[in-house]
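In listed order, ligands and their atoms are each counted from 1. What you see is a predicted model; the values in this text were computed from it and never measured.
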Amino acid sequence: MNRIDCELLDVECRLAGCRERFSLPEGVLYFDGNSLGALPRTTAASIGAAVGDEWGKGLIRSWLDAGWFHLSRRAGDAIAPLIGASEGEVAVADSTSVNIFKLAASLLRRRGGRRKAVAERGDFPTDVYILQGVVDLLGADCELALAEPGGIAEAIDGDTALVLASHVDYRTGALRDMERLTARCRALGAPIVWDLCHSAGAVPVELNRCKVDYAVGCTYKFLNGGPGAPAFVYVSGDAIGSFEPVVTGWFGHADQFRFEDRYRAADSINKLLAGSPPVLSLRAVLDGVACFDGVDMEELAAKSRRLSGLFIELADERLARHGLELASPRDPAGRGSQVSFRHPDAYAIARALIAGGLIPDFRDPDILRFGITPLYMRYVDVWDAVDAIDAAMSGGAWLDFRTDAREAVT
Ligand SMILES: *Cc1c(COP(=O)(O)O)cnc(C)c1O
């Protein structure tokens, strides 16, 4: 394998043209689209029109005339086919953290004598923190049970009232078997909330086929919705009828503009809505999701696996000797859309690479993570990235960053 082979793979790639849907800066190798997706070409104009015309000229009339009221549902319906959901099962609102709260609080409130909320140690911090907060709110007969890494399935039993699990591990990229774990939860009578932050938009997600009832996920990662874009929340058509909202805001009311004295929940996914939606951010979500138009998710995921497989193959040849130890699964079927390595100086290496124009990220304590974004990443980008890491490690460029004080965000 050499650089020309990679160029050929790009020429042959049927998805190569999707890169044109994005505005990418020159001279940057971007491997962090799993933290913040790239900017779609259409986003700036959409937001410009929403500000200049809809807000500037339409003023409050735009809630109806420009469809602002329906943006949460429109964006949800646009995301639905990417995650194997049906129309009407997804809404876009609030953050992933807040949506976890909404689901967990409602499901745990109906725990029917069961005590445990199960998550896995080392899962994304906010997920565990939110669950902790809900458990504390509910009182003494409810507790957080943290399973050891890899042990979540065994930790679920007849005393489990709720399970919260990430589809893809944010550190290693390990992909969980959604169908199997969901079936186990169902058999034991425990609802499971799936966090799709690191899978939606890059890995095939089949919520309906896997009989998933509850899920959440970010739109600013693989879905390219922009910094701080609101998250999506999914409740299946089967589960929505009996879902009792805990965050009972007016946007989730059965008849919002009757201004009734008491809350009555809408009889749709709207009951997951709370307050006024972030209209400008929702416009950007629509642009981000539109980048997937005409893209087959299986084909996209196959490209992701080929890109990450190439990364691993080249890393075996050129990076192992620098002490970079693969932390992601070698089996492509068990891998999400990223390649992670362990190195005791991962932070300094990440800093050095960023200074040189290759953007990965660092995850405490020792993970160097490269996000694979098959919609706009080329095979040559993978080649060039490995080349840049090899050069930085060989030349010792990273050593200069070893004593750097850690910045708040990497
Ligand atoms: C990125 C990510 C989040 C982020 O949650 P926010 O509320 O948007 O800050 C949550 N969970 C997982 C698994 C993530 O990867």
Engineer: Identify every side-chain donor-acceptor pair in residues 217-224 under 3.5 Å, counting partners at least two apart or on other chains, and give the distances.
Structural biologist:
unit_1	atom_1	unit_2	atom_2	d
T219	OG1	P230	O	2.7
N224	OD1	A38	N	3.4
N224	ND2	F222	O	3.2

Engineer: Does some side-chain heavy atom of D213 sit less than 4.5 Å from a side-chain heavy atom of R186?
Structural biologist: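 Yes, close enough: below the 4.5 Å cut-off.
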
Engineer: Report the residues that fulfil ring-ring contact (aromatic ring centres under 6.0 Å, His included) with F257, sequence neighbours left out, ordered by chain and then residue number.
Structural biologist: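 Listed in chain order: F69, W250, F259.
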
Engineer: Near ligand 1, which protein residues have a heavy atom under 4.0 Å away?
Structural biologist: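 Near ligand 1, by chain and number: S95, T96, S97, F124, T126, D127, S166, D195, C197, H198, C218, Y220, K221.
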
Engineer: With heavy-atom distances below 4.5 Å as the criterion, would you say the side chains of R73 and S268 are in contact?
Structural biologist: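 Answer yes - side chains close enough.
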
Engineer: For this output row, return yes or no: ring centroids of H343 and W398 closer than 6.0 angstrom.
Structural biologist: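 So the answer is yes for these two rings.
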
Engineer: For Y376, enumerate each residue passing the ring-ring contact (aromatic ring centres under 6.0 Å, His included) test, keeping only those at least two apart in sequence or located in another chain.
Structural biologist: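 Applying ring-ring contact (aromatic ring centres under 6.0 Å, His included) to Y376 gives F22.
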
